[in-house]
Structures are given as C-alpha cells and as structure tokens.
Amino acid sequence: MSNQKKRNFQIEAFKHRVVVDPKYADKTWQILERAIHQIYNQDASGLSFEELYRNAYNMVLHKFGEKLYNGFITTMTAHLKEKSKLIEAAQGGSFLEELNKKWNEHNKALEMIRDILMYMDRTYIESTKKTHVHPMGLNLWRDNVVHFTKIHTRLLNTLLDLVQRERTGEVIDRGLMRNVIKMFMNLGESVYQEDFEKPFLDASSEFYKVESQEFIESCDCGDYLKKAEKRLTEEIDRVGHYLDAKSEEKITSVVEKEMIANHMQRLVHMENSGLVNMLLNDKYEDLGRMYNLFRRVTNGLVTVRDVMTLHLREMGKQLVTDPERSKDPVEFVQRLLDERDKYDKIISTAFGNDKTFQNALNSSFEFFINLNARSPEFISLFVDDKLRKGLKGIADVDVEIILDKVMMLFRYLQEKDVFEKYYKQHLAKRLLSGKTVSDEAERSLIVKLKTECGYQFTSKLEGMFTDMKTSEDTMRGFYGSHPELSEGPTLIVQVLTTGSWPTQPAVPCNLPAEVSVLCEKFRSYYLGTHTGRRLSWQTNMGTADIKAMFGKGQKHELNVSTFQMCVLMLFNNSDRLSYKEIEQATEIPASDLKRCLQSLACVKGKNVLKKEPISKEIGEEDSFVVNDKFASKFYKVKIGTVVAQKETEPEKQETRQRVEEDRKPQIEAAIVRIMKSRKILDHNNIIAEVTKQLQPRFLANPTEIKKRIESLIERDFLERDNTDRKLYRYLA
Amino acid sequence: MGISKDRIKFNVGGRLFETTATTLANAGRDSFFGALFDDEWNLSPPSEDSIHFIDRNSDCFSVLLDLLRTGDLNVPANITERLLHREASFYGLLDHVRAAKWGPFDGNRLRLSDSVKGSAPGDGTAIRAGPDGGCCVAHGSVVHVYDWMLEEHSPINLDYQRVNDVGWIDSDNIVLSACERLGRGEGGMGLFSSSSGDLRYKFQVCHENQVKSYTAGALSFSPDYKIFSSCKGRSNEYGIGVWDQITGKQTDFFYESPGWSLGDADKLQWLNGKNCLLVATLFPRKDNCYISLLDFRDKNMVWSWSDIGSPMAIDEKRVRDAIAMEDSNSICVVNEFEDLGFIDLRMYGGSVRWSSRSKLMKSKMPDEPCYPKLALHEGQLFSSMNDSISVFCGPDWVLTSRLRRSYGGSICDFSIGGDRLFALHCEENVFDVWETPPPPII
C-alpha cells in the first residue's frame, strides 16, 4: 500500500505539477460562476471585484483559460435562455419594453463580466484568436434571444406593425423603437440588415405598392405628387428618428420606385392634370414637385423632358403653320416670344434652371420656327415694327430686353442669310424715310448680330449707317460752297454706296426744272470732291415737302414722294391734265405712276387732285384737276403711297432667288477652303463639312452643294479621283 | 472635501498605499483600476477608511504606482524584469511599461539594454526588428521570435529548409523566404504567426498559369501592402515576384534579363518616393555586383550600376552591401574595409565615389570575416563592421557614434525597428538590444 503511494507521489513530483489542489480549477470557477449569476440577478453589491479578477487571473495563469472561457459561455448562454423565456412571456405591448429592459441589463452585466475576465480577454483570447468577451456576449444575445424561434418573428412583426401604425397616423413610442433598433445595430451590421432592414424594406415596398395604386385611382396628378412627397419626407424623418442612417438611401429608393418610377408614365400623361395640363396652366408648384420627385428615379427627368418637348413641338407647329397667324407678322413673333417667356419661367422657377430642359426648349423652338419658311421675314418685320414705333417711350433697359429676346429667336433660325436680306431691306426703308425711332437701338441690334454671326454678317448694315452719316456731311459741304442756294427749294441727297443697300432698279423720271437744276449742281459738286464715282438718282425712294394753295386760299404743306411731287408740279402751269399728258411729261413707269396718282386722287381726305371720271382705279383715259375744295384740319398733310408692308408673292420669290444666288459663292468658297486644307476628300465628308461650316448662316442644300462641286470641277478647282470616283482632289 | 474623496487607500500584500483617483485614471478604462473604480462595481460609496485589498506583490505595486504617477519606470535591482512584466500584465499596464521603458530612437544616444543568448552556436542568417519592439532571428531552418519583453515564443521551424530572409508584416505576422527543396515542391515564401509560430499562408509563383516551386531570397515590403521577393525557379522564373499582402495573390513578376541578376538578389529595398524597388546582387554570391532600380508600372529598369569591367586595381573594393538614400538621391555602398562609397542616382552609369576612412582595418581582419551591413533610419546611416556598428550623420556622413560590445564576436546582421536596434553576433548567436533612454527629466 505504502509502496504504491510513494510511487504515485514520485510521478507527481517529476511532472512539476504547480496546482497542488486538483479541484482548484473547479472551486475557482464556481466562485466566478456564482458571481456571474449574481451580476445577472442584479445582486452584485456583495461581490469583490479584486477577488473575482484575481481568481480569473489565476485560472488563466494556471492554464485553465479554456475552462474559464467555456464556462463563461455556458453560464451566459444559460442565463440568456432564461431571459428569452421571460421576454417571450411578456404580453402585447410590454413585449418590446421587456426586451429592451433585458437588453440593457445584459449590456450592464456583460460589461461587469468583461471586467472580471479582463486578463483572460487580453492574454488567453488574444493568443488563441478566440472571440473576445464583449463581442461574444453580443453573439450569445443574438443567438439565444434575437434568433430564438419564439422571439425572432414576433419581434420583427411587432416592429413592422409599429411602423405600419405610424404610417397610418398613430403615435408610437419612438424612443423604445430607437432603442430596439439600436440593439440590432449593436449586434452588427449584418444582424441589422438581415433581421430588420431587409424585411422592413420588403414590407414598405408592399405597403407603398398598394397605397400608390389607391392614390393613382383616386387622385389627380398634382395631389398624387403632393402625397408622394409627403411620404418621402416621412420616411426620411423615420430614419432620423429611429433607424440607421445608412437605411435612408434604401428606404427612399423603395418609395421612389413604388410611388414614382412604377407610375411615371401614367402620372405624366394623366388626363386633365398631367404634365401638359400643368404646363398650359402654369402650375409652377406642381411642376416643381414633379421635377424634384422625378429627378430621384432613373429616366424620370427624361420622361418629363420628352413629354414637354413633344408638347412644345406640337404647340409650336400649330402656331407657326396656322395661316391666320401669318397674316400679322408682329403678332406672330409676339406669340413666339410669349411662349418662350412662359417656358423660360417654368424652367427657372419649377425645373431649377436645369440645363437639359433649357436645351430641350431651345431645340424645340429651333424645330418649329424653321417649319415656317417666312419666319426670318416675320422676325425682321417684328423688329421693323418695334424700331419704327413700338419702342417709343420705353426705357433703354427694356429696349435691350426686347432686342435680346429677338436675338434669341434669331439664333433658332437656320436661314440666317434670309433674315439678313429682309433686315437690310427694312433697315434701308427706315433709314431713308427717317422713320427709325432710336439710332441707339438700331446700333445695339447690329452689335448683337455682329457678336452672334461675325463681322461679315453686319459689315453691309454698318455701311448703311456710315452712308447716312457721310451724306449729312456732304450736304453741309454742298450748301457751304453754294451760299446762293439758301433761297429757293432745298435738296437733300443721301449718297448710298452700291452693294451696301438692297438694290432696286433706278427708275428714271423727269424732275421739275427747279429740282433738276439743283440736282445738276449737286452732281458737279459731288463729282468735284470725289473723283472716279458715278451718281445715279433713285427717284423712287425720295420724298418732298411742297407748299400748296388751294381754291379758297387754304394753305397746306404736303409731304409726298418724289414721283408725286413731279406730278403735282405739273399743275402749276395747267389746270387739267390727262393721264397721257402726265405720263409724257414725267416719264414715270406706268405701274408707279398709277400707284402715285391713286394715292393723290383716290384716298379720301387726302385727295389733292380730282379725277374724272371718279372711280377707284386709274385708267389711261382719265384726266385730273386740282381739287379746290381740298380741306384738312392739319397744316401739314402726309400723302402716303400705297405700299404693301408685307411682301407680295412675286417680290417674295425674287427675294428668295436673290438669297439662293448669294449662297452660291458662299458654298463655293467653303468647298475651296475645305479642299485647300484637306487636299483629298470624299463626297459625303465634303457635304458634311460644308454644311457644318455654313451652319451659322444658313442650312446648305446638299444638291446645291453638289452642283457647286460640279461647277468647281468644270473650272478646274477640283478633279475627281481616277480610281475612286467618290473622291475629290484639290488642284492648286 | 473634494480632495479627501479623491484619496484612495490600498493594502497590497500587507503594505499600505495611498494614492488618488486621478493618478489611477492614468491607467485607463481597460485596466484593473479602470474596472475597479467603474460605477458598476462601485456599488457601495467609498467611505474615508475603506481600504482596497489586493493580493499582489507590494514592491512591484510601488514601482507601477510610481509609473502611473510620473510616467517614469524606475525598477530597483531586487525586482526582475520578468516579475515586473508579470505584475504589469496582471493590472493591464504592460503598454504603460513598454512606453516608459525606452524613448524615441536616436542613433547617437543608444545604450545597451540587454543581450540575449541564442540556443546554438554558428552563424545566424538574419535578425529583424519587429514593429512593436520584438525581433526575430533566422538561424538555419529555424526562426526564433522574441516579443518586446524579450520573451521567446514558439520558434518557427521549417523542417531542414534553409531560411534566407525574414520580415515583419505587422506585430503578429512574419514572412519567411526559404530555399526550395528539390523534388518536394516545398520552399518559397510563407506567412507565419509570430505568437504561435504556425504557418498561415503560403505564397505561390505562377509561370504561364502553372504553379512553380521556387527559392525565395531577399524580401521587401511597400506601404501599399505589397511583398517583393527575389525568386529562383527551376526553369526561367528568375526575377522579382510581387504579392498582395491582403489577398496573398501574386500580382506581378519582373523577369530577369540576360546578363543581369535579379533572382539571386541579396537585398531588396522599396523606395516610396521614387515608386521603385532597389535590387542589389553582390559579391560573393555572384562574381560581379549588380544594383538596379525597377519600376513595376511599366516593367522598366530605370537605373542600373554594375562593376563589370572595372579596372582590377580597385578589385579589393568590392561592394558588400548597398542602400538607397532617397533624400540625397544616392546609393550608399560599403566594402569589406568599411569604406563607404556613394553612387549618384540621378546619373545613369555613374561610378562609385569612395570616401576612404580607415585603411587600418585591413590588417586586423578576423579569420572568419563578417561582411559589413548598412541601414538607414531617419537620416542616420548605420554600418556594421566586425564587432561594432558605426553611426554616420549629416550631409557629409560624419562618424558620430560607435556601438561596441566585446562579447559575441563579429556582427553578422543588425536591424532597426520599434525604436530599438538589434545586433546579431556570429558567435553563440547572441544578440544585443540597443535603446534610447527616455527623455531627461527637465
């Protein structure tokens, strides 16, 4: 017996066992286990931290780390299982409160247990790469409480139910909600996402799917958008109150998808309240709301923009192709400007000045303005109207605004050269008749055109202004060198440079002797100061102020055209003249003479002549006498000439032809410029480049370009490639 | 009143101590004291006379309490390091002890703090300082790992494969490069745990989509988590391999060009500013020295130098180690007589400008020479020769300090890191630990 004992002892000594008491570990663990129980039962006041820490330390030191670690897990698991039963037993509304309470208790206990096991946490767990005490405590809570079958779905349903109730207007305990959700977040991002966020998003998606369907059946577009916006802010608020900030993006995208993206087309096209209706009725608020909501979803803005563009083009097309509207060019352009202002305002107030919308607006205008070939003419006429009379009494700033708007429309024009043609004609008329209201406004517009289209575009227009100025100087010089002329009729000559002004054939006529003497004097003065020039009289464009005395001694000053003056002067020597006699004496072309006589004899209130027989039209056999009974309450009487403001059909075609004619050299110049730098180019590329280069002035017609190329080949500027007929070669 | 409440009394192993809560707060929440005075445990309000009992060594407590009071560590001769560390570990104050033990590294203020004797005689291969004050010593097929307390952990044993180089990824992970074992497909490079010595990952070399066995040589790491190693494969996988530290995958390979040496390199050094890798293959591994800078972005050798074809007269000045100094745009080299030489990095094909310092050494060469090594740390250049390490400073690299210890023979390798310098001697594998003392009191 004793022998055996001795051997046993020897073996122990050889092993160098440190722990003398084999039950040491169990005993120590029991102390710690009891402490954990007490901590969980909130009965820790009698515990000595120092003792517990030392015991846990000793266990690790004596290589019982694993026992300690496993013991901690087992004990905590047992406690949590018990807790979860208590939570599960909680009825109705107290369920969440109980869970939250137990969760707080667990956190507190976990903290204390970690304190006791701090040494193990730092050494044993560190070196064995096991899970640290704190995260382990959270994992155990997750597995034994949150994922406990009888709690898991109930918890989720309770939370979702609360959210649902809040959505329907009930007030819920947000603080409790926040604490419970925070628990999910503390348990780790994946727990929050898997156990709450994902089901929450699914439920929300379902909720909004149903609700949006309900709304869309019962509301008009504006109301629907209001409701959607409200829901969106509610969800964002919800995230702020009790969800993880990262959920905001996800839940808003759910609302966006269900409430907006899925009903986008239907909303936009909703009858009587959709986008077109909002645009027509200037519903800025609704439009702004639509913009802000649709901006959140993919293709949302594209949808809005497309519908707006379509509507704009349709509306614009109707506007410009309506024959009624073409009757009044000023009104026509004013309508365009009004529409542009309207949509400008919509884009700036409701669509946040979105560039893409501005582009859509511009492209739409460009599209429909060019549908009407007379748009360039109308715009020029609008300007003409404004500059003749429309700008009277308007401040400079407002004038600028109107001109800027006109320039906006001008930018849309494809045939800018046609505009230039008309503009030149209208400007010439304004300048020669002295009708222009403000020189400053005229020049300002020229500057604008210059910045838009370059020097070339306005050089001739500017030349017209220069001519007017030099003419003034010339007249001063003329009368300065002929002081004897201060008596008798006054001649004012405007010397116009050929080429700068719209050319009109010079119509010859016999001027009265008094005038032709003066004219001769001026001619010799002018040619004396300027050598190598040629003067020809544009009598068809002149005016005259003549004094007349009628039968009963009534004196009037008549403002008439040069032709009319020639006719009236004849009556100084005779009382009655036949049409033939007048024609012979003046040599005015028949059509002009007829118009001239018509305005002298047939216009009521201005009939200084009497025609026999009395009728509206002028016949070759008619004869004329001075109307002795002529009366007017004004001293000065303006005798107008019957002139059509709008172009007549043949005139229009003539202008068109002139434009086409003018384009030819421009196209040729462009072709040569391009070929000079490229040397060799194929047909399609030439067409493309020429079109691109001429774009700022007009839209070149491909067939015309082709004709020009042919012409250049004939004149040996270009040649076709021998092998590839599509290639052109530049011949230097 | 407030002052007396702040007062705290301890009875440690029978000895009374009195301190303040403010002093103990220096220990931090994650310590014994942090927990002891946490609200949860402070259930009964401390009365004036309550004394906290701690069943620990009172001498050590006094040292540690002083550490909390002053931040200084003053260990009386009767307390061993091990005892102090044990007690600090109990209270959770090990980090405090380490921080107080030595100051920021300065090559001119170093003092010898410890010598650790290796377990077997013979040449050690390499010593590498870890980031937190520990080190590892490669010796044959074994790597001994020491923590900052110089406690040895389980060694890494490669089962008779020779270790060529070692490097620390972080305080917990060590990379080893080892010779290939013919026919076994082993060798190459592996990642090991510094605390347990276990293999965690094995890095592979792929050539034309086939995994090849290889011998890994010198190692280097870059701050963007890359590992570089010189590699010698069976066929033509000679060159520099690159791996990602995070994925462990091979990301690049720079193949050796004919007439140049990369796969045998003695030294790799990542140059962060230049985004290049310095590769040096030196005598006597090869008959000639090859130093080059590799740019991996466009697979280009952007700079190179070799002593091929140099006149025989300077043959005695063979380059034995090289180190790039980015700040001065040069490469410093050293020969077996501890002559420093400099090569300008800005010129292609420049020559070595030797600054001959000591011809005296020539006659005193020991029978078994250890070749000099170079290291650079924050503008200080270190060069080992025989049993001492010289420190050079300033733009002209003037010798400012010399570290020497008589025991252990020549220094075969040294390394700086974790604010410490470790020098490995070739006899008995003893290594010295040099530290900068904590800053002066005033």
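Proteins get letters first, then strands, A, B, ... in listed order; numbering begins at 1 in each.
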For [X], does the [atom1] atom have more than 12 heavy-atom neighbours from other residues, nucleotides or ligands under 6.0 Å away?
X       : atom1 : value
K101(A) : NZ    : no
E249(A) : CD    : no
R174(A) : CZ    : yes
Y201(B) : OH    : yes
K108(A) : NZ    : no
K182(A) : NZ    : no

### Message
Under a 4.5 Å cutoff for heavy-atom pairs, which residue among A35(B), S193(B), S196(B) has the most contacts with chain A?
### Response
A35(B)

#### Entry: Any residue of residues 58-75 of chain B which, by heavy atoms, sits under 4.5 Å from chain A
none

First locate atom [atom1] of [X], then atom [atom2] of [Y], and finally report the distance between them rounded to the nearest 0.5 Å.
X       : Y       : atom1 : atom2 : value
R29(B)  : E111(A) : CZ    : CD    : 5.0 Å
D172(B) : K129(A) : CG    : NZ    : 3.5 Å
D55(B)  : E50(A)  : CG    : CD    : 6.5 Å

### Task
Please check if the distance between the ring centroids of F90(B) and Y53(A) is under 6.0 Å.
yes

Can you say whether [X] sits under 4.5 Å from chain A via the side chain, the backbone, both, or neither, judging by heavy atoms?
X      : value
S89(B) : both
F53(B) : both
D30(B) : both

### Summary
Turns out that what part of R54(A) lies under 4.5 Å from chain B's heavy atoms comes down to both

#### Entry: Heavy-atom pair of closest approach, residues M118(A) and F32(B)
SD-N, 3.9 Å

